[in-house]
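Computed from a predicted model, the values in this text were never measured in an experiment. In this chain, numbering begins with 1 at the start of the sequence shown.
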Amino acid sequence: MTGAIHHFIEQYGLLAVFLGCVAEGESAAILGGFFAHQQVFVLWHAFLAAALGAFVGDTFFFTLGRSFADHPYVVRLRKRPGFRRAYRLLNTHPNIFVLSNRYIYGMRLVGGIAAGLSRVTVQRFIVLNALSSVIWAVLFSTIGYVFGLGAERIIGQALAHHERLLVALAIGLTVAVLAWFVGRHVARKERAKES
């Protein structure tokens, strides 16, 4: 069973990292780095999959804001907590906002829509988004790689396949739970500020 799962991760792991990073996926980038440490795939491939996923995701949200501003989905997103603040920050410090938006949990979607609705040009957004995507991917994939190094030291030099999978699942679950708690806390604070 674990051999089949390991083979599945080797075959489709980079695609999963890419798709996870298209969504709000720090945990996908971290898992990509972890599996690269475990030599399931090459580290620079994990960097590339994470960077491309992050770039495509943010460009998609930007395009939604730019091209579909009156669509009911975009109008509903504009009512989410933090949108007004993101839009204000974007118009006062556009370069810093586009570069740092992905690092603020829960703001990536709202920030991308806000950027699309702002005066930021498409070319400027693409350049800043590409730079931010690469830095973000290297940072979070490296965190996963370092987690792999730490896990190897704790468990031993020869991690068995099923132990690798269990450690990866534990890392992914831990990151997802922490991100959920942080996101709830930030959203609660934003709702309180806007009230």
Can you list, pair by pair, the side-chain donor-acceptor contacts under 3.5 Å of residues 13-22, counting residues two or more places apart and other chains?
none

Give, for atom [atom1] of [X] and atom [atom2] of [Y], the distance between the pair rounded to the nearest 0.5 Å.
X      : Y     : atom1 : atom2 : result
Phe140 : Phe47 : CZ    : CZ    : 13.0 Å
Phe35  : Leu31 : CZ    : CG    : 6.0 Å
Ser141 : Leu48 : OG    : CG    : 10.0 Å

Between Thr92 (side chain) and Leu89 (backbone), is there a donor-acceptor pair under 3.5 Å?
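Pair found, side chain donor or acceptor close to backbone of Leu89.
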
Is Ser132 reaching over with its side chain to a backbone N or O of Leu99, donor-acceptor style, under 3.5 angstrom?
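It does hold such a pair.
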
In residues 112-121, what donor-acceptor pairs under 3.5 Å come from side-chain atoms, sequence neighbours left out?
| residue | atom | partner | partner atom | Å |
| --- | --- | --- | --- | --- |
| Ser118 | OG | Ala115 | O | 2.8 |
| Ser118 | OG | Val120 | N | 3.2 |
| Thr121 | OG1 | Arg124 | N | 3.2 |

For Tyr87 and Arg78, what are the C-alpha separation, side-chain angles and deciding distance, and is it a side chain to side chain contact (heavy atoms under 4.5 Å, CB included)?
CA-CA 10 Å; Tyr87 192 71; Arg78 289 165 57 180; over 6 Å; no

With the side chain counted from C-beta on, respond yes when Phe55 and Leu131 share a heavy-atom pair under 4.5 Å apart, and no when they do not.
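Not in contact.
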
Report yes if some heavy atom in the side chain of Arg66 is under 4.5 Å from a heavy atom in the side chain of Phe125; otherwise report no.
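No. Closest side-chain heavy atoms not under 4.5 Å.
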
Classify the ring geometry of His37 against Tyr145: parallel below 30°, tilted from 30° to 60°, perpendicular beyond 60°.
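Aromatic pair His37/Tyr145 classed perpendicular.
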
Not counting sequence neighbours, which residues clear side chain to side chain contact (heavy atoms under 4.5 Å, CB included) with Phe68? List them please.
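With neighbours one apart ignored, the set is Leu64, His71, Val74.
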
What pairs meet the salt bridge (Lys or Arg N to Asp or Glu O under 4.0 Å) rule with one or both residues in residues 87-104, with sequence neighbours excluded?
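Qualifying pairs: Asp58-Arg102.
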
Determine which pairs satisfy salt bridge (Lys or Arg N to Asp or Glu O under 4.0 Å) with at least one residue from residues 37-48, sequence neighbours left out, and list them in order.
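For residues 37-48, and leaving out neighbouring residues, there are no salt bridge (Lys or Arg N to Asp or Glu O under 4.0 Å) pairs at all.
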
Leu139 and Ile96: same hydrophobic cluster, using ILVMFWY side-chain contacts below 4.5 Å?
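No, separate clusters.
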
Side chain to side chain contact (heavy atoms under 4.5 Å, CB included), that's the test. Do Ile126 and Val122 meet it? Break it down for me.
CA-CA 6 Å; Ile126 294 219; Val122 173; 4.2 Å; yes

Set of side chain to side chain donor-acceptor pair (under 3.5 Å) partners for Asn91, sequence neighbours left out:
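Residues passing side chain to side chain donor-acceptor pair (under 3.5 Å) with Asn91: none at all.
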
